[in-house]
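Right, one structure below, let's go through it.
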2 protein chains.
Amino acid sequence: MTNPLVLFLSRRDDVSAEEIAALETLTLNHQDFAAGTAMIRQGDRPQSSILVLDGLAARAHYLADGKRMISALHIPGDYVDLHSLLLDRMDHDVTALTDCRVALTAHPDIRRVTERLPHLGRLLWLSTTIDAAMHRAWIVALGRMSPLSHMAHFLCEMYIRLDIVGQAADHSYRLPITQIDLADMLGLSVVHVNRTLQDLRATGMVSWVGPTVSIKDWNGLRELGQFEDAYLNLNKRPR
Amino acid sequence: MTNPLVLFLSRRDDVSAEEIAALETLTLNHQDFAAGTAMIRQGDRPQSSILVLDGLAARAHYLADGKRMISALHIPGDYVDLHSLLLDRMDHDVTALTDCRVALTAHPDIRRVTERLPHLGRLLWLSTTIDAAMHRAWIVALGRMSPLSHMAHFLCEMYIRLDIVGQAADHSYRLPITQIDLADMLGLSVVHVNRTLQDLRATGMVSWVGPTVSIKDWNGLRELGQFEDAYLNLNKRPR
DNA sequence: CTTTTTTGTTGCCTCGGATTAACAAAAAGC
DNA sequence: GCTTTTTGTTAATCCGAGGCAACAAAAAAG
C-alpha cells in the first residue's frame, strides 16, 4: 500500500525521493486500534506522533456535563497529533471511529529527520497549517452557517480530502460514521442531524446509503455549503 | 518597546540571544493600519507575514449573504498570517479592530533565518500549533457550550493571552472591541450578546466598563467557561 | 438462530436565540 | 456648538433547534 502521507504531500509540493524514503522509514512502526478505542487521551504527554494509514479517527473534546465535541475528522494521510511534537500536553482525545491502522513515530526521530531535511520539516509544518485552515472553516460553519449549509460544506470537504489520498472516485466515497459522530462534528443534536440529512437528501444533491456518500450535484452542493477549496491548498507550488 | 513576540516566545521556550536578535531584525519594517482597515484580503497572495506589535486584529470570513464570522482575535505578539508562508492564498481577511502597528517580514527573509536557526523555525511552527489549539477550543465552545459559558471562556482566554505579553494586570485588561465584533466571534446575534453580557455581569464574576474587562472571580469564571489553559502551552519546556 | 445493544426515524412540545423595531447613549463628523 | 452615525439597550414576536419519548431497523453479541 502506498503511504497516504506521501500521496498527500506529493499533491501539494515537490517531494524528493530522499524525503519519501525518510518518511517511509519514519512510518514503519504500525499499530492497530479497534473502532471506539482511544489512541490518545486528554492530558497525555505523548512521546510519539500518530499518522493515520487506514480508517477514520476523530479529535474529541469532552465537557464537564458529558457533552462531546469533535474538532476534526482524520483520514489516511493525516498526522493527527503533530502538535504534540511542540505542545507538551494533549488537550483532547483522539479516538478511532472505525478500525484504524496507524504509524507511530517517536518525536526524537521526527526532529532528527527534519533537521537533516529542512524542506521536509516545512512540509510537516504545512500540514499543521492546513489543519488550522480546516479548523477556521469549521469555525465559520459553526458560527454562521445553517445546519443544511454546514452539512453540505462538510461533505464537500470530505470529498476533496479523500480524493487527494485516492479514497474517492466519481464524486463518491465511503464515510462509515454514525449520525451521533456527525452531530458532535456539526454541533447539533442527533435528532436534528437526522432531519437535516433528510432535507439534504430531498434536494437530490447527495445520496448517503449505508456507508457510501455520493454527490449527485457537485456544483449545487458546493454553492449550498459555500465551499471554497482554496484553504486546502490544492495547488502544487515550488519549494 | 519590547517586541511582544519575544515576550511571547520566551514565556514558552528558551530563546537564545542570537534568536532574539534575528527576530528583531526580521521585524524592523513597521507599518500602521487604522481601525477598520483590512491588512490582508481574502484571495491575496501575500509576500510577507504580519506580526502585530500593537492593537487588535481579527481574522474575518464573509459569507455570500454578508454574514461575518471572526475565527481569531489577534493581540500583540501574534503572527496573524504565518500560514501564508506555506499556503499560497489567504482564505480570509485580516482586519484591524483598533488602530494597529504591525511589522512586515518578507517571506524569503523568514525562510533564510529559519534555515540558519532551525530552533527558531520550530518556535514559529509552535506558534502555528498554538493557533490551531485555540481554534480547537473555539470549535468546542461554538459547538457545545452555552453562550454564557462561551463568553466566559473567551474572556478567560483573552486574559491569559494578554497577560503573557504584559498587557494585563490584576485580572484586568483593555479589550476595546464592540459587541458587534463579539457577536461575530461567538456566533451570536448582537442583541443576544448584549443580553448574555448582562447575565454574565449579573453573576458578579466580571465587570466590563468602557474598554476595561476586570475579572472579579477568576475561579468562578474559569469553571463557568470550562477554561483549561493547557492548550496555550504556558509551561516552559526544554528544547 | 435469538437476544441485546446500538443506531436511525418520527412526533410532540418547549425554549433559546434570532429578528425586528424603537430608543438611548455615545462617538464621530461638521 | 449641532448633526449624523455608530454602538448599546430593551421589548415583542417568531422560529429553528433541542429535549424527550416511543418505536423501527440494523448491528452486535450470545
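Throughout, protein chains are lettered first and strands after them, A, B, ... in sequence-line order, and every chain is numbered starting at 1. Side-chain atoms are counted along with the backbone in the values below, which use heavy atoms only and exclude waters and symmetry mates. What you are looking at is a predicted structure, and each value in this text was computed from that prediction instead of being measured.
Among the protein residues, A:Val191 comes within range of the nucleic acid bases, having at least one heavy atom under 4.0 Å from a base atom. The residue A:Gly187 sits close only to the backbone: its heavy atoms come under 4.0 Å of sugar-phosphate atoms, none of a base. Among the protein residues, B:Thr178 comes within range of the sugar-phosphate backbone only, with heavy atoms under 4.0 Å from sugar or phosphate atoms but none that close to a base.
Nucleotide C:dT10 holds its P atom 11 Å from the CG atom of A:Asp199, rounded to whole Å. Between B:Leu142 atom CG and D:dA17 atom C1' the separation is 16 Å, expressed in whole Å. When rounded to the nearest whole Å, the span between NE2 of B:His192 and P of D:dC15 equals 18 Å. Atom CG of B:Leu175 and atom P of D:dG8 are 12 Å apart (whole Å). Put simply, CD1 on B:Ile180 is 14 Å from P on C:dA27, counting in whole angstrom units. Protein atom CD of B:Gln179 is 14 Å distant from nucleotide atom C1' of C:dA24, rounded to whole Å. Taking atom CG on B:Asn194 and atom C1' on C:dT19, their separation rounds to 15 Å, with Å as the unit. Separating the CG atom of B:Leu97 from the P atom of D:dT7 is a distance of 11 Å, rounded to the nearest angstrom.
Between B:Ser189 and A:Arg201, the residue anchored nearer the 5' end of DNA chain C, judged by the nucleotide with its closest heavy atom, is A:Arg201. In this structure, B:Arg195 and B:Ile177 both approach DNA chain D, and ranking their closest nucleotides by distance from the 5' end singles out B:Ile177.
Side-chain N/O atoms of A:Gln198 include none lying less than 4.0 angstrom from OP1 or OP2 on C:dG8.
Salt-bridge formation is not detected for the pair B:Arg59/B:Asp91: no Lys NZ or Arg NE/NH1/NH2 atom is positioned less than 4.0 Å from an Asp or Glu carboxylate oxygen. One finds no salt bridge joining B:Arg136 and B:Asp131 here, because no Lys/Arg side-chain nitrogen approaches an Asp/Glu carboxylate oxygen to under 4.0 Å.
Between A:Ile50 atom CD1 and A:Leu82 atom CG the span is 11.5 Å, to the nearest 0.5 Å.
A 4.5 Å side-chain heavy-atom check between A:Arg222 and A:His153 finds every atom pair outside the cut-off.
Not a single donor-acceptor pair under 3.5 Å links the side chain of A:Glu228 to the backbone N or O of A:Gln226.
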